[in-house]
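Just below is one structure, and these are the notes that go with it.
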2 protein chains.
Amino acid sequence: MSTATFFRYALAVADRPYHHGNLRPALLAQAEHTLREQGLDGLALRELARQVGVSHAAPRRHFADRQALLDALAESGWARLEAEVRAAVESAGEDYEARLRASGQAYVRFATRDAALLELMFASRQGRQVATLQEATAGAFSVLVELVQDGQASGVVEPGDPQRMALLLFATVQGIAALANAGIIAPKRLDPLVAEAIGRFLHGQPTLA
Amino acid sequence: MSTATFFRYALAVADRPYHHGNLRPALLAQAEHTLREQGLDGLALRELARQVGVSHAAPRRHFADRQALLDALAESGWARLEAEVRAAVESAGEDYEARLRASGQAYVRFATRDAALLELMFASRQGRQVATLQEATAGAFSVLVELVQDGQASGVVEPGDPQRMALLLFATVQGIAALANAGIIAPKRLDPLVAEAIGRFLHGQPTLA
DNA sequence: ACCTGAACACCGTTCAAGT
DNA sequence: ACCTGAACACCGTTCAAGT
């Protein structure tokens, strides 16, 4: 296409909202909202296109298929989770156990507020490797690894592979979140349970040991 | 319907497979198989009906809608999980830690073999209470509660609410399973991680404390 | 470059009708 | 009692065509 032709089109569509680069973010934003309100089953590409004011075939330019949209949602979910957990840790003060507890509680808060998104983040990719998604997951995981390393530096966590210990913490809070979302744990028991899990991780059984 | 009329129909359909009570189990069996092979997205009522040799509207007699079938799958999944964990604990010998470890490893084995089914078992029911499903979940949970009580009776687990401690164990193994199914934990690291989690639950940090 | 409109094959759900 | 067949409204995906 010539430059002149390009500008002719650009002017012609200047008042129409989703040309030239904002359809993709608009679809993602709408999808995140629908996911929170209606769950994964309520998320339809055609309906998204309608809500965003575009033909049902338009999303195809930005997402190869529905799964690609879901992958993108999962990826930004991991990024937001990382940010929220990091923020919680940073505003938790000096005490190591308090910082660890804050990370777990931030995780659980995210997980229960965006249960369908969390489901998506953990949905089995069935062998498909999605590099950017794996990086986003690794980024969130690294928050815990760094926390464990901090604890080792100050001597409150035993020496040893920090990845393995962070994995254990990760699994514990994710499990608590899963049980909460399945209705097995009542919401008000969540924070105490996280606190107990962290306490046990650091000190073992309270009265025995 | 008169008895005579009933027998006339019964004879007429004697060679047809899914009259009079085996359509429901046949659908469930086929669904469980498809779930394992194709995942949740590959599970379509119409396709199930086809595979089982029945019209697409026939399942309606046995399951009000697709969700009802999924609920039934989840329920039998919880029952099978309970049975498998119980069996593993019973064949694990006398040592308490070995029994606890066996329960966790059986859980993780089930979860990784039937990842899509596990997803279904933990799928948020979004407020809908399904009584029989909740009972099945409680049954599986009770295995862990009893294990904790055994440990308290023999003094290797601290006194205190056994439900709360069982919940912590439950969350930990479920979290490990979720991380495995998301591809965050490699399969061969699963058993050691479960062992470490159980060890920490009982003894705290190995070298500190 | 980006989007539209028509087309295709599938799906879940409903309902009158059949045996 | 249990199942069928037609109908409806929706969906994901594809592709030629438009601007």
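Below, all heavy atoms of this structure are taken into account, side chains as well, without hydrogens, waters or symmetry copies. Lettering of chains follows the sequences in order, A, B, ..., and the numbering in each one begins at 1.
At the phosphate of D:dT4, neither OP1 nor OP2 sits under 4.0 Å from any side-chain N or O atom of B:Arg50. For B:Arg60 and C:dT13, the shortest distance from a side-chain N or O to OP1 or OP2 is not below 4.0 Å. The phosphate of C:dC3 (OP1 or OP2) has a side-chain N or O of A:His62 nearer than 4.0 angstrom.
Here C:dC3 presents its P atom at 13 Å from CZ of A:Arg24, a figure rounded to the nearest Å. Atom pair B:Gln67:CD and C:dG12:C1' shows a separation of 13 Å (rounding to whole Å applied). Counting to the nearest Å, the P atom of D:dT13 and the CG atom of A:Leu69 are 10 Å from each other. Between the CG atom of B:Asp41 and the C1' atom of D:dC11 there is a distance of 13 Å, rounded to whole Å. Distance CG (B:Leu45) to P (C:dC11): 10 Å, rounded to an integer number of Å. Nucleotide D:dC11 holds its P atom 10 Å from the CD atom of A:Gln51, rounded to whole Å. What separates CG of B:Leu70 from P of C:dG12 is a distance of 10 Å, to the nearest Å. Across the protein-nucleic acid pair, A:Leu27 atom CG and C:dC3 atom C1' stand 12 Å apart, rounded to whole Å.
For A:Arg66, the side-chain atoms get nearest to D:dG12 when compared with the rest of D:dA6, D:dT14, D:dG12. Of the candidates C:dC3, C:dA6, D:dT4, the closest approach to any side-chain atom of B:Ala57 belongs to D:dT4. Listed nucleotides C:dC3, D:dT4, C:dT14 differ in distance to B:His56; the shortest reach to its side chain belongs to C:dT14.
Ring pair B:Phe122/B:Trp78: centre-to-centre distance below 6.0 Å.
Around the CZ atom of A:Arg189, the shell of radius 6.0 Å holds no more than 12 heavy atoms that belong to other residues, nucleotides or ligands.
C:dA6 and D:dT14 make up a base pair, with Watson-Crick or G-U wobble contacts both under 3.5 Å. For C:dA1, the paired base is D:dT19 (Watson-Crick or G-U wobble, both distances below 3.5 Å).
Mapping B:Leu43 and B:Arg61 onto DNA chain C via the closest heavy atom, the residue that lands nearer the 5' end is B:Leu43.
Judged by distance alone with a 3.5 Å cut-off, a donor-acceptor contact links the side chain of A:Arg46 to the base of D:dG12.
Using a 4.0 Å heavy-atom cutoff across all strands shown, A:Ala58 reaches at least one base atom of the nucleic acid.
A salt bridge links A:Arg86 and A:Glu146; the closest N-O separation between the charged side-chain nitrogens and carboxylate oxygens is under 4.0 Å.
Between B:Ile198 atom CD1 and B:Arg99 atom CZ the span is 13.0 Å, to the nearest 0.5 Å.
Of all heavy-atom pairs between B:Ser142 and B:Glu82, the closest is OG-OE2, 4.4 Å.
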